[in-house]
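Here is the structure we will look at, set down as structure tokens.
Note that the coordinates shown come from a computational prediction; the quantities given were computed from them, not determined experimentally. Atom set for the values below is all heavy atoms of this structure, side chains included, hydrogens, waters and symmetry mates excluded. The residues of the chain are indexed from 1 along the displayed sequence.
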Amino acid sequence: IQKEKTTILSRANSMENILKNIKSGEKKILNVIVKADALGSKEAIVNSLEKIGNEEVDVQILLSGVGGITETDVVLAASNDAFIIGFNVRSDLQAKKVAKQHNINIKYYSIIYEIFDEVRGLLSGMLPPIEKENFLGSAEIKKVFKISKLGKVAGCVVKEGIIKRTSKIRLLRDSIVIHSGDLETLKRHSDEAKEVTQGMECGISIKDYKDLQVNDTIECYEIESTPR
């Protein structure tokens, strides 16, 4: 029995690992154990937690009860990648010892709404971030050069905004997108440049793409990820 218990505990996840799994999209259910000081408190917490989830993510109450947090609670949390909520209760000595040994996360609260705020925060980490495209600028190709080590390089004028070396780009021909990708080089005269602003000339080569033509437009943008 002790060996079996040790095996279960060896799979225990700290809160850091739980959050890592949530953010990487491996988990769509947040497992929770709730222990409270009174039946009324426990029922209020459980009922509210069960309503927090939505179609994409959910809270699953593995166990709820009245009284202090025990070793059994910690073992259950360990085997289910769960974390423990204690409302106006504390862990007994053995539970503290086992939780510390195996890095099990126990959170103590005395204000109910703080529980819900934290769980909502955890659930937001389970949703993919909202991605928004930010337009940075555009450049028009005036000449195309062949350079032995680089292949085709476009001599451009920045028509709008800014061109950044690290940004994403689209190549437009007659307002039609014919390639999306990344810059390989961005030069100002013969020097490498981090960015080139409106009205300035620059040399651009595109990673893994060489079909560049005069009058093509290079559109530059960044993707901004915002947590839910």
task: Can you establish whether the number of heavy atoms outside L39 located under 6.0 Å from its atom CG is more than 12?
output: yes
message: Rounded to the nearest 0.5 Å, what separates atom CG in L49 from atom CD in Q60?
response: 12.5 Å
Lys/Arg-Asp/Glu bridge criterion (N-O < 4.0 Å) met for K210, E184: yes
- prompt: What is the minimum heavy-atom distance between I115 and F87, and which atoms define it?
  reply: CD1-CD1, 4.1 Å
message: Rounded to the nearest 0.5 Å, what separates atom CD1 in I104 from atom CD1 in I69?
response: 12.5 Å
field: Least distance between heavy atoms, V177 atom then S180 atom
entry: CG1-OG, 3.8 Å
task: State whether the side chain of S64 and the backbone N or O of V34 hold a donor-acceptor pair below 3.5 Å, judged by distance alone.
output: no
- prompt: Can you name the closest pair of heavy atoms from K164 and L186 and give their distance?
  reply: C-CD2, 4.1 Å
- prompt: Can any side-chain N or O of K42 pair as donor or acceptor with the backbone N or O of G65 at less than 3.5 Å?
  reply: no
- prompt: Nearest heavy-atom pair of E201 and V196: which atoms, and what distance?
  reply: O-CG1, 4.0 Å
Same apolar cluster (I L V M F W Y, side chains within < 4.5 Å links), I52/V46: yes
- prompt: Roughly how far apart are R173 CZ and H179 NE2, rounded to 0.5 Å?
  reply: 11.5 Å
- request: Supply the atom-to-atom distance I223 CD1 to S167 OG, rounded to the nearest 0.5 angstrom.
  value: 10.5 Å
message: Under 4.0 Å between a side-chain nitrogen and a carboxylate oxygen: does that hold for K168 and E222?
response: no
message: Q213 vs I141, test: side chain to side chain contact (heavy atoms under 4.5 Å, CB included). Steps then yes/no.
response: CA-CA 7 Å; Q213 295 182 17; I141 298 178; over 6 Å; no
query: Taking side chain as C-beta onward, heavy atoms only, is V74 less than 4.5 Å from I84?
result: yes
- prompt: So does D117 have more than 12 non-hydrogen atoms from other groups sitting under 6.0 Å from CG?
  reply: yes
message: Is there a path of hydrophobic side-chain contacts, each under 4.5 Å between heavy atoms of I/L/V/M/F/W/Y residues, joining Y221 to L171?
response: no
query: Within the distance-only criterion (no hydrogens, no angle test), does the side chain of S48 pair as donor or acceptor with the backbone N or O of I45 below 3.5 angstrom?
result: no
query: Is there a side-chain contact between C156 and I218 (heavy atoms, below 4.5 Å)?
result: yes
message: Go through it in stages, so that I can follow the logic: the residues are F83 and I106, the test is side chain to side chain contact (heavy atoms under 4.5 Å, CB included), and I'd like the CA-CA distance, side-chain angles, deciding distance and then a yes or no.
response: CA-CA 6 Å; F83 80 106; I106 301 174; over 6 Å; no
Interatomic spacing from OG1 in T70 to CG in D92 - rounded to 0.5 Å: 6.5 Å
- prompt: Taking the side chain from R165 and the backbone from L183, do they hold a donor-acceptor pair closer than 3.5 Å?
  reply: yes
query: Between R188 and D191, is there a salt bridge with N-O shorter than 4.0 Å?
result: no
- request: Of all the heavy-atom pairs spanning L172 and E219, show the shortest one and how long it is.
  value: CD1-CB, 3.9 Å
- request: Give, for atom CD1 of I176 and atom CG of D216, the distance between the pair rounded to the nearest 0.5 Å.
  value: 11.0 Å
query: Among the clusters formed by ILVMFWY side chains lying less than 4.5 Å apart, do Y109 and L30 turn up in the same one?
result: yes
message: If hydrophobic clusters are built from ILVMFWY residues whose side chains come within less than 4.5 Å, do I206 and I147 share one?
response: no
- request: Show the numbers, then the answer: is there a side chain to side chain contact (heavy atoms under 4.5 Å, CB included) between F145 and L212?
  value: CA-CA 9 Å; F145 305 94; L212 307 174; over 6 Å; no
- request: Locate the shortest heavy-atom distance separating V153 from S205; write the atom from each residue and the value.
  value: CG2-CB, 4.2 Å
message: According to a hydrophobic-cluster definition based on side-chain heavy atoms being under 4.5 Å apart (Ile, Leu, Val, Met, Phe, Trp, Tyr only), do I169 and V144 belong together?
response: yes
Any donor-acceptor pair under 3.5 Å from N31 side chain to N80 backbone: yes
task: Might you work through the side chain to side chain contact (heavy atoms under 4.5 Å, CB included) test for E140 and N215, ending with a clear yes or no?
output: CA-CA 6 Å; E140 183 181 340; N215 296 327; 3.5 Å; yes
